[in-house]
There are 2 protein chains.
Amino acid sequence: MRIPVAERRAALVAATLAVVERDGLGGASARAIVAEAGMPLGALHYAFPSLDHLLAAALDAVTDQERLAAEALLGAGVDGSLEATLAAGLDAYVSLLIARPARELAYLELMLQASRDRLDREPGTGRYARSYAVVAALLEEAAAATGHRWASPVLELARHAVAMLDGITTTWLADHDDAAARATARFLAAAVAAHAQKEG
Amino acid sequence: MRIPVAERRAALVAATLAVVERDGLGGASARAIVAEAGMPLGALHYAFPSLDHLLAAALDAVTDQERLAAEALLGAGVDGSLEATLAAGLDAYVSLLIARPARELAYLELMLQASRDRLDREPGTGRYARSYAVVAALLEEAAAATGHRWASPVLELARHAVAMLDGITTTWLADHDDAAARATARFLAAAVAAHAQKEG
DNA sequence: TCCTCACTTGGACGACCGTCCAACTTGAGG
DNA sequence: CCTCAAGTTGGACGGTCGTCCAAGTGAGGA
């Protein structure tokens, strides 16, 4: 089968995400990935210089697609107060986490591996910056919809929110306490909402 | 050299933590660990049934020692208001993270690996429960020292704090933004302090 | 139709893996 | 000093790993 290289790369990235989600980063071997993609072994080094390059590409993809898609849920229901709106969005994320924990786990594994690789090198290339921007836009939207404005820089609040989403994830992965995770989501909603003021 | 089995196990656990911190979970092979411990290869399976058992023991150890030691810093400076006290403690954690990121990274890698192993099995054995209890005790102490009492269940607040500490960690690992991490620590301090009320 | 060459393939290679176990060392009891 | 069981060791084993590359393949130009 003759396939454009770009398409091959995309298929390999998708297969990589599927394997990491199913078997973890340790199970993401070259053979497992090409088997998942239904490709011969050699196709990997034809499309990517090395397995590490493929894993890096997979992290970029998950940053672009999965994360943004997941966090797009946060703007789902805009009906009540600002705090209730935020709480509903964060609760939706917790539901997604509980329903598909391996996906979030896979993302964390890829991110941690990448962060180790550049611990001694230059600081991060700002891969999270896109997440911050997306969450910041959602915060703006939620404030506008409920007639508030933010008293603190929105990008800063967004970073706090992204951090806490990560924390909710790792903590739930450790204790599987659904109710506590939702409580932490409400805690975060209140903490963020405290930085808004009713528009005059 | 004849060494009691318990002492051998402890040395292997310490060596495992050193290797994971230096080379990551992927570099934590049986040979790398025994080399770090200055032991022959066979010693590992003499002290532990398998490498996985050793990694599990290492996670238990880090939960008991490193984490608690790190978080004991949180109660360091008790001088100003409650919020300032909490902020100082959390800022101390951020300093520790920036100074020794590989240690926190190693802890997260071990925790995530363990959480994947029991994704399809019984829920977590409550390994984080000890962290919650320690942080809860520190919160109680900080409130008492500044004449406050907690309006929400302390254990619940502690879980939120632990979650957010994890989030601060993963987020800083991703973007290496020192100032932003400290800002998130202050955000958390304010959010937690909001759940306290001055004692009458 | 056939040639050509870029694209594609999977077996080969050396390295490393976790685990096992036969051989060796050790120190206490006789 | 000898015996022997308990403790200790490192080489052997089968397997998997990432990477490479010689051979195979098929679409487009002649």
Side-chain angles (χ1 to χ4, degrees), chain A residues 1-61 106 109-110 112-114 116-118, chain B residues 1-61 106 109-110 112-114 116-118:
Chain A
M1 189 74 77
R2 278 170 118 86
I3 302 177
V5 199
E7 194 173 324
R8 237 176 227 288
R9 273 197 271 261
L12 282 170
V13 163
T16 301
L17 294 179
V19 170
V20 173
E21 181 173 338
R22 181 177 4 99
D23 302 324
L25 198 51
S29 66
R31 286 167 178 81
I33 291 170
V34 295
E36 177 76 24
M39 290 182 192
L41 178 56
L44 195 156
H45 287 86
Y46 164 68
F48 290 92
S50 76
L51 179 60
D52 285 336
H53 284 76
L54 171 54
L55 291 177
L59 177 57
D60 280 337
E109 284 178 325
L110 285 169
L112 287 185
Q113 160 119 146
R116 176 177 293 282
D117 289 343
R118 46 193 171 65
Chain B
M1 187 75 78
R2 275 171 118 91
I3 302 177
V5 199
E7 195 173 324
R8 235 177 230 287
R9 274 196 270 261
L12 282 169
V13 163
T16 301
L17 293 178
V19 170
V20 174
E21 181 173 339
R22 180 175 10 95
D23 303 324
L25 198 51
S29 67
R31 284 167 178 82
I33 292 170
V34 295
E36 177 76 24
M39 291 183 192
L41 178 58
L44 195 156
H45 287 87
Y46 165 67
F48 290 92
S50 75
L51 179 62
D52 284 337
H53 283 77
L54 171 53
L55 291 177
L59 177 57
D60 281 337
E109 284 178 326
L110 286 169
L112 287 185
Q113 160 120 145
R116 176 177 291 285
D117 290 343
R118 44 193 173 63

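Atoms considered below: every heavy atom in the structure, side chains included; atoms not considered: hydrogens, waters and symmetry mates. Proteins get letters first, then strands, A, B, ... in listed order; numbering begins at 1 in each.
Near DNA chain C, defined here as any heavy-atom distance below 4.0 Å, the residues from residues 42-55 of chain A are A:G42, A:Y46, listed numerically. Residues from residues 33-41 of chain B lying near DNA chain D, meaning a heavy-atom separation below 4.0 Å, are B:P40, B:L41 in numerical order.
The minimum heavy-atom distance linking A:A30 with A:L51 is given by the pair N-CD2, 4.1 Å. The nearest pair of heavy atoms linking A:V19 to A:A28 is CG1-CA, 3.8 Å. Here the shortest heavy-atom pairing between B:V20 and B:A106 reads CG1-CB, 3.6 Å. Of all the heavy atoms in A:A58 and A:T16, the pair that sits closest is CB-CG2, 3.8 Å. Of all heavy-atom pairs between A:A37 and A:L12, the closest is CB-CD2, 4.1 Å.
Residue A:S29 has no polar side-chain atom (N or O) positioned under 4.0 Å from OP1 or OP2 of D:dT16. Phosphate contact (OP1/OP2 of D:dG7, side-chain N/O of B:R8, threshold under 4.0 Å): absent.
A:R9 contributes no side-chain N or O that, together with a main-chain N or O of A:L54, makes up a donor-acceptor pair within less than 3.5 Å.
Residues A:L44 and A:M39 form no side-chain contact, since every pair of their non-hydrogen atoms from C-beta on lies 4.5 Å or further apart. Two residues are said to be in side-chain contact when any heavy atoms from C-beta on lie closer than 4.5 Å; A:L17 and A:L110 meet this criterion.
The interatomic distance linking B:I3 (CD1) with C:dG27 (P) rounds to 12 Å, in whole Å.
When the nearest nucleotides of DNA chain D are assigned to B:R31 and B:P4 by heavy-atom distance, the more 5′-ward of the two goes with B:P4.
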